[in-house]
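Report on the structure given below.
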Amino acid sequence: MSHFRADIRQRAEELVALYPRQRSAMLPLLHLAQEQDGYLSDEGIAEVAVLTDTTPADVRGTASFYDMFHLEPVGRYVVGVCTNVACLLAGGEELLEHASVTLGCPVGATSEDGLFTLEETECLADCNLAPCVQVNHRYVRTTTPDAFDAMINDLREGRLDHDVPSHGTLIRVKRQGGLRVAKDDVAAERAVAYAARAARAEAAAQAAAAVEIK
Amino acid sequence: MTDVIRTSVTFTVDGRAVEAQPGELIIEAAERAGSYIPRFCYHPRMEPVGMCRMCLVEVDGPRGATLQPACYLKVADGMNVTTDSDKVKKAQDGVLEFLLANHPLDCPVCDKGGECPLQDQTLAHGSGETRFAEEKRHFVKPIPIGELVLLDRERCIQCARCTRFASEVAGDTEIAFAGRGDLIEVASSPTKPFDSVFSGNTVQICPVGALTAKPYRFSARPWDLEQVESTCTTCAVGCRVAVQSSGNRLTRVLGVDSEPVNHGWLCDKGRFTLDSIDANADSLDPLSAASRITDPMVRVRGVLTPVSWGVALAEAARLLHEAGGADAIGAIGGASLTNEGAFAWERFLRGAIGTENLDAQFGDGLDPVLLQSLRLASIDDAACAPVVLTLTGDLREELPVLFLRLRDSFVHRHHTLIELSSGPSALRSLAAHALAVRPGETPAIAHALVSGQLPLGTMVSEDELSDVRAILGDGTGVVIIAGRANLAEDQRLVDEAVQTLAAGLAQAKFLVALRRANVRGALDMGLGPRLRPGRGFDASASGRDTPAQLAAMVAGTQRATVVLGGCVLGNVVDQELATKALEVSSIICVTGHGGATLAYADVVLPATVQHERTGTVTNLEGRVTAVVPKIGAPGAAWSDVAIASELAIEWGQSLGLDSIELTAQAIEETTGYAALSVLQDQAFDGVVMGLNVTPVARHAMDPMAFPGIRSTKTVGLGESTGTTTLLDASTLATTSSAAPTDVTLSKVDVPLADAYAFRLVLARRLYDRGVAMQGSPALTGLVGATRLVLHSSDLDRLGLASGARVLVRAAGGNFEIDVETDDTVLRGTCVAPLGTLDANGFNVVSMMIDPSSPVTQLRLETR
Amino acid sequence: MATLDAPAIVSSRRDFEDSFTLSRYLETGGYCALRKALTMFPEAVAAEVDAASLLGRGGAGFPAGRKWSMLRRSAISYLVVNGDESEPATFKDHYLVERDPHQLLEGVIIAAYALQVSQVFIFVRGEFALGLERVQQALNEAYSHGALGSKIFGSDFSVDVVMHPGAGAYICGEETALLEALEGKRGFPRIKPPFFPAVTGLYGEPTVVNNVETMSNLPWIVNNGGAAFAALGAGRSTGTRLFALAGNVKNPDVFELEMVKNTFRDLIFDPALGGGLFEGRTLKAFIPGGVSAPWFGPELLDTPLGQDEVGGLGSMLGSGSIVVLDDASCVVRATWRIAKFFSRESCGQCTPCREGSGWIERIMYRLEHGGGRMEDLDLLLDLCDNIAPGLTWPPQQTTICVLGPSIPSSVHSALSMFRDDFVAHVNHGGCSHD
Ligand SMILES: Cc1cc2nc3c(=O)[nH]c(=O)nc-3n(C[C@H](O)[C@H](O)[C@H](O)COP(=O)(O)O)c2cc1C
Ligand code: SF4
Ligand code: FES
């Protein structure tokens with residue numbers, strides 16, 4: 001009855017296991033739900049609520065705090081153009097306007113073919129190559145209108161498929177293996193370490209006292 | 001918890017030295033010292049979040065005086081707090097201006113206008129003109145976030161009171177903040193709306209008009225409202241309420257912050273079912289629970305016909321005389337009466353007529369003598385007990401505000417809950433242990449708990465049992481909440497279990513989870529076989545309880561029966577027996593509401609109901625509080641005291657109970673029960689009978705914490721001192737010197753389980769088809785349909801999916817019904833809700849029940 | 001002339017294309033420091049860090065050694081690494097997670113050992129898709145290399161590291177908001193007290209939160225000793241630091257410079273560094289440490305790049321990002337954009353920040369785009385004063401966290417430095433730069 005595909009569900013369960021409390025897996029799970037559906041569907045939200053032992057309202061409320069989560073369907077490519085100070089000084093606003101013309105949709109909307117959603121972003125921390133553009137959170141480093149148009153063409157024609165997976169897929173490198181350190185072992189290990197440390201501190205204090213007496 | 005302050009830190013507020021408890025918040029301690037600090041998000045019943053920043057004050061620290069939130073910072077010895085400096089004033093004015101920046105100027109059409117803390121603050125401190133020249137933030141105007149609550153996001157000031165209530169207090173996190181920055185909003189999920197049974201509390205504590213309740217919206221302006229403080233009698237928790245009306249029309253009920261009882265909270269049924277009292281002029285059909293009964297009636301040629309009181313009383317007296325002797329007369333019901341009403345009827349029925357056949361319960365409670373012999377616990381005792389053992393149904397459905405008090409104990413104070421579980425419960429996820437008790441096993445499990453001997457065949461494991469036994473010990477610090485988890489399980493089985501626990505856990509105390517309004521008061525006034533007013537009993541006497549009376553009616557030995565409030569057919573599980581009984585006996589119904597029973601009534605005497613009458617009531621812990629009328633009763637309705645007294649005169653004997661005050665006085669003088677004392681000093685939290693609980697004076701209520709309630713210290717009630725000394729409640733009243741073990745109970749044998757059948761758990765629902773729900777258009781649609789709920793593995797075994805229909809072969813015949821899964825239902829059992837109807841409006845529950853057996857077994861087949 | 005002879009402590013692999021791989025890392029001395037640390041007592045490692053006087057690189061500049069010493073002793077404690085870098089024009093952690101994830105990991109494991117913490121979370125900004133993949137790859141490699149997991153490198157020390165992706169919210173860089181995000185909640189900064197995560201942090205347990213760059217310094221410190229680190233720089237500002245230079249300069253980039261030994265002038269104008277302004281432009285102003293910092297004018301160009309040196313002049317070195325504005329750019333527009341950023345990124349808890357930032361942003365919008373009024377200028381200042389009373393530095397707060405006072409710091413400094421520009425906008429009915 002899972003909404004998640006079997007592989008996604010399995011990864012979801014692995015994720016939950018990485019955290020001391022299941023709710024902590026919220027953000028990675030939401031990324032995963034978005035990876036499957038391209039956005040956060042009601043079904044995806046409901047499944048995350050179960051996996052994190054919360055409610056749909058809670059999950060939705062949490063997700064809506066974060067810009068990267070989309071509660072409505074978006075294009076296959078979410079194109080973000082930064083207009084924050086560094087990019088502003090380098091023509092970010094103008095590039096955003098240009099992008100809007102190229103994609104034929106206003107900022108915040110999805111192009112007619114459903115392929116692109118255009119966003120104005122805050123600083124993307126790539127300010128040496130301003131104005132900065134990301135597609136599905138991959139830097140495409142196209143700072144001029146022409147380069148932007150060429151990049152859009154490449155996307156349309158699948159030439160960037162390798163670099164830019166469809167929207168929602170964030171981390172393509174999977175974690176290999178879960179936690180390796182057993183909780184009980186840690187407690188024991190820590191107890192020994194703390195005791196040893198206390199003994200050393202004690203010894204050091206005695207040594208210092210001895211020096212003082214001398 | 002009491003008012004007594006353990007003084008141990010001293011700090012300075014505005015130059016004055018103030019003593020405070022360690023850990024107390026500045027905002028509270030300063031207020032006590034006379035410096036009121038403005039606030040919005042702070043609410044005394046919830047964890048502070050320090051978000052609105054309205055309460056900023058200057059606090060001296062290592063880096064000089066800095067602005068700090070008084071609602072969040074705790075006092076410390078030597079701390080220096082300034083609440084009135086220019087810097088504080090500027091900061092607070094700044095916050096107020098920011099709050100108003102985007103706030104719409106729709107006060108004239110806003111429900112909160114006139115009682116709005118934001119409006120009040122603005123009038124008191126605001127500059128009068130706005131510097132905000134921008135376009136205000138816009139949202140779509142009110143959107144429903146649940147069945148009963150609407151949200152106007154433009155008015156929201158993001159104080160998080162509603163969301164905190166939902167998650168922290170109620171545990172229904174179905175509303176949460178969404179969005180960020182100045183687009184932050186409260187939101188519910190489109191797939192799972194905010195349908196908490198506590199949703200109305202969010203409306204009450206919203207400091208602006210952002211949350212409004214559908215039933216109240218636009219119905220009144222605050223300045224037209226008059227208010228009294230009273231007690232809610234929708235269930236036996238007895239929450240203290242402010243009842244408000246506009247003229248003779250009830251408009252609103254708000255929760256009053258009673259420290260020992262409800263902490264200001266109410267359930268939606270208690271809050272919103274006002275229409276059932278005064279707004280149902282449309283319904284005239286006496287057989288409908290939505291109707292009010294306003295005229296005396298007698299049956300003339302088969303038809304109930306309005307008559308004068310004189311005619312009706314004469315006819316009633318005639319029927320009673322005609323019955324032929326005291327034992328041919330009986331009375332069923334009484335839980336909806338006040339203590340005074342119950343006492344008057346007891347004096348008439350037992351005192352004047354001499355019958356012992358009285359029962360305020362409908363066969364769905366516990367043995368009243370056993371109950372009177374238990375060591376009692378208060379709600380506070382239960383909420384503070386390190387260990388609570390429940391032997392009840394789902395408390396959220398049965399006694400909602402008790403559920404809130406307990407939930408707080410388990411969630412925030414980490415007390416231990418052990419559930420004897422027969423079906424789903426909203427507390428389950430908080431329980432340290434939930435011991436499975438299948439129908440019929442209740443006495444055996446109770447016995448196992450005290451003896452350690454696990455009988456064969458239960459679902460409880462040895463390990464589980466020994467863990468629980470270790471926690472329970474000899475019962476020290478344990479409060480047992482006992483009620484009827486399953487109305488399809490014979491009462492005597494539960495009685496036996498309670499007796500076993502009381503005997504085996506010598507130190508444990510009991511809170512009895514009886515549900516009906518004033519059932520405790522009615523029993524305390526003697527409306528039960530073998531009982532005597534003032535919580536006394538004569539264990540050697542014998543009288544018929546409700547099931548026995550019904551049987552006697554059918555047998556022809558009980559020929560006249562008085563039905564005291566409450567509908568027999570609406571309450572007795574064995575409908576077939578009840579119908580037959582009503583058909584043959586003369587029936588005198590004393591009631592304010594219509595109902596199916598009236599089809600069999602020979603005389604109907606209209607009575608006043610809640611919010612129309614004066615008197616006292618007793619909640620499940622034994623707390624006596626006052627009920628105060630807010631509106632006049634419709635038509636010719638009389639108080640129950642008046643009806644009983646006049647009928648007694650017609651019968652031929654005066655009770656001497658000529659007014660409610662005189663009745664209260666008689667109760668107090670003859671039994672020591674605190675009726676008159678409480679009636680004369682209505683504003684405080686009442687007196688707990690049989691427990692040494694110090695009465696405490698109520699603080700004036702902070703209108704910011706409980707907007708809409710005018711100070712309950714004064715409104716309509718006179719100044720309460722809270723120092724009533726007429727009584728020492730601990731020495732009171734009862735002749736209950738007997739121990740639980742002295743009470744003789746009848747034994748009953750449980751048939752062996754039928755491997756092919758499911759044992760039925762019949763569970764109460766808050767939203768049932770009772771008078772309150774049917775009479776309230778806003779809520780009546782919330783009554784769920786009857787479904788059978790099974791464990792998923794059982795459903796799999798039957799080859800069924802959730803939502804499918806099954807064929808049920810039951811004692812009363814075969815029928816079809818929808819099934820659902822819930823894995824907290826025990827395997828081999830099925831749960832059905834009492835007081836609901838199936839999809840075709842059919843009461844299938846009465847068909848399921850097997851009255852010939854102490855447990856009901858159902859066979860389920862796929863269609 | 002800039003002083004460029006200090007060793008590259010965190011950017012030594014800058015010139016390798018494959019700097020992020022384990023093989024390159026091992027070839028260039030990787031994980032030696034960790035092996036060395038494991039031969040030392042944990043407290044000795046901490047002592048080296050203390051001796052290094054390593055100031056936190058996340059913005060607040062709190063000494064890492066001091067912070068570590070505050071960690072409450074408890075059966076469970078956590079180390080959380082802050083890689084949320086979202087302060088506008090700050091892009092040095094981006095460089096570190098993408099280009100040198102193993103160096104970060106090695107630092108993290110060393111810290112975990114010194115702190116005796118067995119579970120670490122590395123919070124990486126969600127928009128760093130490549131960075132996230134690189135860190136995850138590095139984690140996988142480190143596990144198989146034996147540098148992570150149970151009994152690392154055969155020692156008695158075991159540690160797990162989990163990478164936690166952010167999801168787009170600047171405020172999650174604030175350490176308590178970050179912990180909330182890590183607990184799966186909305187990123188609302190926690191109200192103080194408790195003041196220090198080291199006492200009450202993740203799940204209420206003691207937690208050290210350190211920045212990515214702070215961590216990345218640790219391998220060098222262990223290899224070379226705290227004293228060698230402290231020998232670089234001057235005063236409290238020791239070692240080197242990554243400076244992210246952005247805005248109207250010829251060569252915006254991340255540069256590792258010895259602390260204090262260079263000035264803002266060196267950074268902006270040295271041909272080997274910023275390379276100066278574009279032809280014909282003169283410097284109007286610069287922001288010395290992230291956009292939450294008050295601005296500096298050209299007269300302060302010779303201020304050394306040191307924490308106290310900048311702090312003493314009423315601003316901060318903060319996140320180490322320097323934004324340069326030349327005379328052709330519009331300060332009103334820049335200020336409006338910064339206000340817009342803070343308004344968008346306010347978490348929304350505190351009334352002054354939530355409502356005040358939105359209000360200020362809208363006034364600034366009008367000033368820039370037409371519709372500004374002369375009285376708006378004083379209104380702006382008063383609104384700023386209501387968020388950060390007194391408009392002092394460091395700011396006083398009416399809010400829970402210091403995002404609130406961040407708008408006032410830029411609006412107030414821009415308005416006091418360039419009131420004429422604001423007045424011109426009012427008179428002109430908007431911006432005249434277009
Ligand atoms: C609004 C706000 C944003 C912050 N953003 C970041 C950030 O992106 N990265 C960071 O390391 N620290 C950030 N900080 C500082 C952290 O709260 C914290 O001081 C730092 O991570 C501690 O690490 P350090 O001691 O190693 O510098 C921010 C603080 C505030 C108030
Ligand atoms: S100052 Fe702003 S960002 Fe910080 S907690 Fe308050 S509202 Fe949130
Ligand atoms: S911040 Fe203290 S009352 Fe809101």
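Below, chain A is the first sequence line, B the second, and so on; all start at residue 1.
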- Query: Which atoms of C/Ala181 come close to chain A, meaning under 4.5 Å heavy atom to heavy atom: side chain ones, backbone ones, both, or neither?
  - Reply: both
- Task: State, to 0.1 Å, how close A/Cys123 and C/Glu87 come at their nearest heavy-atom pair, and which atoms those are.
- Result: SG-O, 4.3 Å
- Item | Any donor-acceptor pair under 3.5 Å from C/Asp160 side chain to A/Arg180 backbone | yes
- Item | Under 3.5 Å side-chain donor-acceptor pair for C/Arg337 and A/Thr83 | yes
- Should we count CZ of A/Phe4 as having more than 12 external heavy atoms under 6.0 Å? yes
- Item | CZ on A/Arg172 to CG on C/Leu132, rounded to 0.5 Å | 11.5 Å
- Item | Between A/Glu122 and C/Ser86, a side-chain donor and acceptor under 3.5 Å | no
- Message: On the six-membered ring of C/Phe41, is A/Arg197 placed so that its NZ or CZ lies under 6.0 angstrom from the centre and within 45° of the ring axis?
- Response: no
- Query: What are the two closest non-hydrogen atoms of C/Ser158 and A/Arg190, and how far apart are they?
  - Reply: O-NH2, 3.8 Å
- Task: Kindly compute the distance separating NZ (C/Lys340) from CG (A/Leu88), expressed to the nearest 0.5 Å.
- Result: 9.5 Å
- Greatest number of non-hydrogen atom pairs under 4.5 angstrom with chain C, of A/Gly61, A/Ala130, A/Ala90, falls to A/Gly61
- For A/Tyr194 and C/Gln116, the nearest pair of non-hydrogen atoms, with its separation, is OH-O, 4.3 Å
- Query: Among residues 12-26 of chain A, which ones touch chain C with a heavy-atom distance under 4.5 Å?
  - Reply: A/Leu18, A/Tyr19, A/Pro20, A/Arg21, A/Arg23, A/Ser24, A/Met26
- Query: Which members of residues 34-41 of chain A, sorted by number, sit under 4.5 angstrom from chain C on a heavy-atom basis?
  - Reply: none
- So which of C/Glu345, C/Arg125, C/Glu85 has the biggest tally of heavy-atom pairs under 4.5 Å with chain A? C/Arg125
- Task: Report yes if the side chains of A/Gln176 and C/Leu139 come closer than 4.5 Å at any heavy-atom pair, otherwise no.
- Result: no
- Query: To the nearest 0.5 Å, what is the distance between OG (C/Ser150) and CD (A/Glu189)?
  - Reply: 7.0 Å
- Query: What part of C/Val323 lies closer than 4.5 angstrom to a heavy atom of chain A: side chain, backbone, both or neither?
  - Reply: side chain
- Task: Would you mind reporting whether C/Leu245 and A/Asn128 have side-chain heavy atoms less than 4.5 Å apart?
- Result: no
- Residue part contacting chain A, namely of C/Ser74, when any heavy atom lies under 4.5 Å: backbone
- Query: Picking from C/His164, C/Gln137, C/Arg134, C/Lys151, which has the most non-hydrogen pairs under 4.5 angstrom with chain A?
  - Reply: C/His164
- Reported CZ-to-CG distance for the pair C/Phe91 and A/Leu129, which is rounded to 0.5 angstrom: 8.5 Å
- Item | Stepwise side chain to side chain contact (heavy atoms under 4.5 Å, CB included) test for A/Lys183 and C/Ser118 | CA-CA 9 Å; A/Lys183 291 278 163 299; C/Ser118 63; over 6 Å; no
- Query: Passes side chain to side chain contact (heavy atoms under 4.5 Å, CB included), C/Asp156 versus A/Val192? Steps please.
  - Reply: CA-CA 10 Å; C/Asp156 275 339; A/Val192 172; over 6 Å; no
- Query: Tell me, do C/Asn140 and A/Val173 make a side-chain contact under 4.5 Å, heavy atoms counted?
  - Reply: yes
- Which atoms of C/Ile171 approach chain A - backbone, side chain, both or neither, heavy atom under 4.5 Å: side chain
- Under 4.5 Å to a heavy atom of chain A? For C/Val254 that would be neither
- Just by distance, do the side chain of A/His137 and the backbone of C/Ala129 share a donor-acceptor pair under 3.5 Å? no
- Note on the structure: Counting heavy-atom pairs under 4.5 Å with chain C, the top scorer among A/Asn84, A/Leu27, A/Leu29 is A/Asn84
- Message: I'd like to know if the side chain of A/Tyr66 reaches the main chain of C/Gly187, judged simply by a donor and an acceptor atom lying under 3.5 Å from each other, with no hydrogens or angles considered.
- Response: yes
- Item | Residue pair A/Tyr139 / C/Glu98, side-chain heavy-atom distance below 4.5 Å | yes
- Under a 4.0 Å N-O cut-off, is there an ion pair linking C/Glu127 with A/Arg138? no
- Query: Any idea which heavy atoms bring C/Arg344 and A/Glu120 closest together, and the distance?
  - Reply: NH2-O, 3.0 Å
- Any A/Arg175 side-chain heavy atom under 4.5 Å of C/Tyr143 side chain: yes
- Item | C/Val161 portion near chain A, given a 4.5 angstrom heavy-atom threshold | backbone
- Sort out for me which of C/Tyr170, C/Tyr203, C/Tyr95 touches chain A most, counting heavy-atom pairs under 4.5 Å. C/Tyr203
- Task: Kindly compute the distance separating CG (C/Leu130) from CD1 (A/Ile171), expressed to the nearest 0.5 Å.
- Result: 11.5 Å
- Message: With heavy-atom distances below 4.5 Å as the criterion, would you say the side chains of A/Val181 and C/Val159 are in contact?
- Response: no
- Message: Are the side chains of C/Asp326 and A/Leu89 in contact, using a 4.5 Å heavy-atom criterion?
- Response: no
- If you round to the nearest 0.5 Å, how far is CG of C/Asp253 from SG of A/Cys127? 11.0 Å
- C/Pro165 side chain near A/His31 side chain, heavy-atom distance below 4.5 Å: yes
- Task: Determine the option with the most heavy-atom pairs under 4.5 angstrom with chain A, choosing from C/Gly126, C/Ala167, C/Cys172, C/Pro252.
- Result: C/Ala167
- Message: Quick check on C/Val117 against chain A: is it the side chain, the backbone, both or neither that has a heavy atom closer than 4.5 Å?
- Response: backbone
- Task: In plain terms, say whether C/Glu133 and A/Lys174 are close enough for a salt bridge, that is, a side-chain N and a carboxylate O under 4.0 Å apart.
- Result: no
- Message: Using a 4.5 angstrom heavy-atom cutoff, name the option from C/Ala89, C/Pro42, C/Ser321, C/Ala246 with the most pairs to chain A.
- Response: C/Ala89
